[in-house]
2 protein chains.
Amino acid sequence: MHIITRNHKHLADRLVGRRKQFTKGCRIVLEALKNTQGTPSAQDIALQLKNSLSNQAPGLTTVYRSLELLARLGIVQVVTFRDGERRYELISPGEHFHHLICEQCGKTTRISACIIDGLAQSISTEYSFMVKSHVLELYGLCKQCNDSTNNAIPNLLVEVS
Amino acid sequence: MHIITRNHKHLADRLVGRRKQFTKGCRIVLEALKNTQGTPSAQDIALQLKNSLSNQAPGLTTVYRSLELLARLGIVQVVTFRDGERRYELISPGEHFHHLICEQCGKTTRISACIIDGLAQSISTEYSFMVKSHVLELYGLCKQCNDSTNNAIPNLLVEVS
DNA sequence: ACTAAAATTGAAAACGATTTCCGTTTCTAT
DNA sequence: ATAGAAACGGAAATCGTTTTCAATTTTAGT
Ligand SMILES: [Mn+2]
Ligand SMILES: [Mn+2]
Ligand SMILES: [Zn+2]
Ligand SMILES: [Zn+2]
């Protein structure tokens with residue numbers, strides 16, 4: 001906890017609004033996100049903490065509140081896939097990711113490829129809209145699922161919509 | 001056998017799949033979508049129908065069921081913005097849209113500009129992932145909101161994150 | 001260290017969108 | 001007309017998330 005406090009001390013200065021402090025709960029949630037790969041939901045995190053920390057684990061409410069703060073601080077990205085559940089992943093401030101989501105096995109893959117550069121410019125001129133952020137998620141089949149599906153039903157159509 | 005069939009009717013429904021017919025409820029909901037611009041939620045639609053058709057209006061449950069069928073038929077696109085509420089809009093089969101969402105006034109604009117063409121190909125080769133569909137939504141400020149918030153800076157800035 | 005004020009915590013309750021249940025109504029085919 | 005199948009709709013359930021609020025912990029002033 002000392003390490004994390006030191007590493008993110010600069011963030012503590014920016015705390016404004018409801019949540020004012022970078023608390024132990026936040027530190028624990030941040031730690032959990034660091035140690036987890038994937039894109040867990042708040043309940044995933046709370047459960048994992050309950051399993052690893054038992055009675056020391058922060059409650060679900062605190063997990064939600066911590067995630068909200070971390071997101072506001074810019075070190076957590078909130079992502080929502082088709083099931084509507086909010087999921088969270090660690091980022092560096094200013095960074096963002098997109099995802100490949102397998103519709104069959106549910107596996108998600110972070111990708112940093114971003115296509116916004118030209119688009120934002122053309123949107124700006126065509127619609128007079130200032131793009132400040134964007135969401136891009138790609139749905140389809142991962143290699144394994146695509147292979148196994150093609151074996152069962154050979155030559156399935158390749159549709160890009 | 002009648003008793004058993006009746007008691008487990010809901011299970012059988014789930015196995016076979018739900019909606020089978022294009023019913024009056026669907027027709028009414030479809031009509032409502034045609035006459036509405038914007039991207040209404042199921043509750044928006046139900047309320048509007050209640051206002052216009054009074055006791056003839058389909059109930060909220062039927063609105064949900066109709067929207068589900070219309071989406072499955074490919075003539076309704078389901079979109080979810082940051083508030084997580086599902087919204088619906090009419091499309092031609094195979095068609096899809098993206099949106100500009102003003103973070104200040106909430107105005108949304110459909111755009112048909114699509115960036116998937118090159119991306120799906122490069123994703124396929126780099127990640128062996130078959131892209132079948134995608135979600136792209138752009139958040140920012142519409143012209144009016146941008147002008148009123150930064151009247152000091154008349155030029156439209158393009159911030160891409 | 002003491003103490004009062006401020007902030008955080010978490011269990012329970014509230015919330016809101018969506019889904020499920022199930023009795024009633026409508027449709028369809030004979 | 002009749003029976004079986006499907007749809008309807010209101011109530012209840014579900015589920016992720018937020019709010020409430022009393023208790024606890026932390027902070028800041030002395
Ligand atoms: Mn991007
Ligand atoms: Mn597209
Ligand atoms: Zn897969
Ligand atoms: Zn606006």
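Residue numbers begin at 1 in each chain, while the letters A, B, ... track the order of the sequences.
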Name the residue closer to the 5' end of DNA chain C, choosing between B:K24 and B:G84 according to the nucleotide with the nearest heavy atom.
-> B:G84
Take the protein atom CD of B:E68 and the nucleotide atom P of D:dA6, then report the distance between them rounded to whole Å.
-> 16 Å
Between A:R65 and A:T23: side-chain donor-acceptor atoms closer than 3.5 Å | no
Within the structure, does a side-chain N or O atom of B:T62 lie under 4.0 Å from either OP1 or OP2 of D:dG9?
-> yes
Rounded to the Å, how far apart are A:L60 CG and D:dT19 C1'?
-> 13 Å
Nucleotide nearest B:P58 when distance is taken to its side chain, options C:dT9, C:dA17, D:dG9 = D:dG9
Does the side chain of B:T149 come under 3.5 Å of the side chain of B:Q104 through a donor N or O and an acceptor N or O?
-> no
Distance test, side-chain N/O of B:T23 to OP1/OP2 of C:dC27, below 4.0 Å = no
Nearest-neighbour nucleotide for the B:Q43 side chain, D:dG16, D:dC8, C:dA17 considered | C:dA17
B:R86 CZ to D:dC15 C1': how many Å, rounded?
-> 12 Å
Under 4.0 Å: is that the gap between some side-chain N or O of B:R65 and OP1 or OP2 of D:dG10?
-> no
Among D:dA7, D:dA11, D:dT17, the one nearest any side-chain atom of A:E85 is D:dT17
Within 6.0 angstrom of B:K50 NZ, more than 12 heavy atoms from elsewhere = yes
